[in-house]
Amino acid sequence: MHTVIIIGGGPAGCEAAYQLASDGIQVHLIEKNNETGGNLNNWYQLFPDRKNAQDLNKRLQEQLNHPGITLHLGMEPSRVEKDGQGRFSVSLSDGSLLEGDALLVATGFKTFDAKRKEEYGYGIYENVVTSVDLENMFRNHAIRTSKGDVPRRIGIIHCVGSRDEKVCNFHCSKLCCITGVKQAIELREMLPESEIFCFYMDMRMFGPGYEEMYREAQEKYNIKFIRGRLSEAAENREHQVQVKVEDTLLGRPLRVTLDLMVLLVGMEASNETQGMARELGVKLAPSGFILPLDPHYGNNLTGEKGVFITGCCSAPMNLTDTLNDARSAAVCITRYLNMK
Amino acid sequence: MYYDNFVLPFTIGLITLLVYLCVRYYKWIRSFPKIDRIKIRRGLFSRKTLVSIKEIFMESLLHHKIFKTNPVLGYMHMTFAFGWFLLIIFGKIESMVYHTSAFNPPYFAIFFRYFHPAKETFPGSETFAFIMDLILSFLLLGILLAVIKRFYSKMFGMKRTTKQRPYDLLVLTVLWLIFPARFIAESFSSGINGGGSFLTHSAGEFFATFLPLRNLSYGAWWTYSSLLGLFFLLLPFSRYMHIPTEIVYIFLKNWGVEQRKQYNGFSEIQTNACSRCGICINTCQLNNSCDIKDTQPVYFLRRLRNHEDFSVQSENCLLCGRCEAACPVGINLNAIRLSTRPDLTRVTKETYAYIKPKAQAETPAKVAYFAGCMSHLTPGIIRSMQEIFDKAKVNYTFIDEEEGVCCGRPQAICGNWKAAKVLMDRNQERIESSGAEILVTSCPICYKTFKEDYTLKIKIMHHTEYIDMLLQEGKLPLHKNDLKTVFHNPCELGRGCGVVDAPNHVLEQVSQRIPTRYDGKNSLCCGGSLANTVIDSQQKTKISTDTVKAYSAYQPDVIVTACPLCKKTLGKTSTSVPVKDIAEIVAAS
């Protein structure tokens, strides 16, 4: 019987593990945290259907109760070696050794560190939060300013750390647009009296139902979308955030005082993704994500034989695409093992 | 009468050269603004002239600055310049002692060995012969080094030597041949008639063993004279124009002539004073990080001189000033580059019509704080400065807290002085209305223009200087901690305005400062310069990455700088070592 080692227990790793195990393959799933789910653990509701993120998470976890899957929680691979027969041996942080016929990298993404965009004041101004912080606020059902008041005016800033050569990120993180729309709607539902602005460069509504949601946000939820990139933010004595932005559709400079500013942080390859790429000698794209062998026929393959990739370690993806990608990786691996 | 037709090429060449130079320099100086011409008149009979003569001796002859950068290269330049100088001086003295008159034609001293019958002795003739041979051997050694340098520049500690045009290579060859030609002519004469010393005499005896010297000697003198004459005729159109021009430049500079915003005769003089030593090539980060090899001052100035298209090179410069700091001639490279930048922007006075005068005047205070646009993009710096002001109980007003107007320098360095002036006037008005005694700014770019282009009558300080002053006055309580720091001195602050000691003092008092080879005026450019409109963001990132690498090699806990632009630029590529402003370090201690 064949064995596959999966590194990373986020949605991609979990789904791939289940698919492989269902095909009768022995799976070792390594996850650095004490629970699986990865970044999904930080999310409240999912777009486009507003499903509770934890429902999906729970389902993915339940799938792992398969006899073919061995979970290694709280573990990190300290060393990966490949022998002449193409077998992999992975040493874990507790000293144990796993052996497998193929390796699936599912180490995912990390969100952009908003402090690197100092002009937006994250970590300096009290009422600047990231989209991740906001999800946490949603879970606690408390949208409050630092003083504990209800924010009367909220601004959501798109493309923080994405499509921004000033932080060396040229890529689009793809999901922030729709996340912004989703979060604006959620905010509106919780704070019917507040004014909500989205400051964007482009609205990229690529998925099914996304464009409809964007339209609804404008028509039904009265979210104001302003095309223009934030230039700078300052904090006033009341700890409100004063932003300067140009409305590029009207060609007019704007100055808006916000009670709460939300930064839609982009996605970058996680440290583990970069570390695994180094360890395995796999190529990185200029964006820092792992470069697939071919963008059409080989997006789960790498230049290294027996090393497969899935999920956001190769590019920003929404959950629909991530789960698809995991199934696709499982198919690739099964075929690879059968031909061995 | 000592005369022979072969002296004609030399004499004609020399006279033509002198006439040409006089006309050229006169024309250039006449184009100076009146204020500079007055300065020349005042300086002419002052101590400044003596200072200039000393500098000419040290730099044009001994090449002391090149020595400091690179001893082998310095030696090479010195053998040429000082050697030739000594040969002329001692030759002249020798001819005067022999002739017992100062008034002999110039060629007489140069071709002394031809005219002087070897059997005739005069006081010290043997000593003179020995000295002249010694100097000649010294020069021949210099030529040998120059030939080696052309082919193996690495031996001189230069990654690259200047690439010359064919015409310059021709003149270079003529120059290289002059001294071997003199050596051959003198040796041949000595071989026939005797005379000379250890070098020419021995060589003469040696040549006589196998060459028909009687037939060759006269031709050798013709060759020597022709090479000299040819060199003099070609000189004004070659890079050797730097030899006389550097001397003129040293005088003008010491008399107080300045490179102004316009490209004028003084710029031409400096352009011609460049010896193309190539030191600037190795200091240029565009060369070292981006492999751009045509924009360094040596090539830019050559384009200017030869009236070739320089539009790209004019803009393709970070204006970091590293070349200027390293230039042994001391040419105002940044100012010249800036003076060639045409105003390509469409910004006019009307563009800024939307900037309304502030409704109320500034709150009167002792200190006016002007953060600058870039500091508004690094609010951490502003926050720290506010803390420092509060801690030291300073009575201050924040000029651009709500509404900032750009200092004008970004426009100015793109050639748009007219637009810059509008902004400058607006800021000046605001600053003056605060009635402050000191203007403190967090941005070295603003600082430089406040100092140089504004007409503010109050004290202008960068926050590094201001913090240093507060510390010296004991107004700022602080604690030294174990943080290991390296200091990246921003181009506009260190090289641009000469602020070198203040940041070092401050850092030494609050942290463990690690000295680096990039300290003070040797600092690197962060790559974020607003002055370069040619290179793209990836090339700027490459410079920034290399700079971070250079500082990280000292293994600091934090890279400290004193410029919001440097902080942002270095911060974007420095993922493992944090980059902070000196104000943030002080505020946190």
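Below, chain A is the first sequence line, B the second, and so on; all start at residue 1.
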Above 12 or not: heavy atoms from other molecules or residues under 6.0 Å from NZ of A:Lys32?
-> no
About how many Å separate OG1 of B:Thr575 and CG of A:Asn271, when rounded to the nearest 0.5 Å?
-> 9.5 Å
Cut-off 4.5 Å, heavy atoms of chain B, and the answer for A:Tyr120 is neither
Can you name the nearest heavy-atom pair linking A:Glu235 to B:Arg383, along with the distance?
-> OE1-NH2, 2.6 Å
Smallest separation among heavy atoms of B:Pro379 and A:Gly121, with atom names = CG-CA, 4.3 Å
Engaged part of B:Lys540 at the chain A interface, taking heavy atoms whose separation is under 4.5 Å = neither
Take atom CZ of A:Arg152 as the centre, draw a 6.0 Å sphere, and report whether it contains more than 12 heavy atoms from other residues, nucleotides or ligands.
-> no
Taking everything shown except B:Lys366 itself, do over 12 heavy atoms lie less than 6.0 Å from its NZ?
-> no
Distance from B:Glu401 atom CD to A:Asn236 atom CG, nearest 0.5 Å?
-> 9.5 Å
Taking all heavy atoms of B:Thr573 and all of A:Cys168, pick out the closest pair and write down the distance.
-> CG2-SG, 4.2 Å
Sequence neighbours excluded, the answer for side-chain contact (heavy atoms from CB on, under 4.5 Å) partners of A:Lys166 is A:Lys117, A:Asp164
Is the NZ atom of B:Lys391 crowded by more than 12 outside heavy atoms at less than 6.0 Å?
-> yes
Could you state the interatomic distance from CD (A:Glu118) to CD1 (B:Ile381), rounded to the nearest 0.5 Å?
-> 6.5 Å
Contacting region of B:Thr378 [heavy-atom separation from chain A under 4.5 Å] | both
Atom pair NZ (B:Lys568) and CD (A:Glu119), whose distance is rounded to the nearest 0.5 Å = 3.5 Å
Quick check: are there more than 12 heavy atoms from other residues, nucleotides or ligands sitting under 6.0 Å from CZ of A:Arg79?
-> no
Which atoms form the tightest heavy-atom contact between A:Gln242 and B:Glu402, and what is the distance?
-> OE1-OE2, 3.8 Å
Considering all heavy atoms, the nearest B:Leu377-A:Glu232 contact = CD2-CB, 3.6 Å
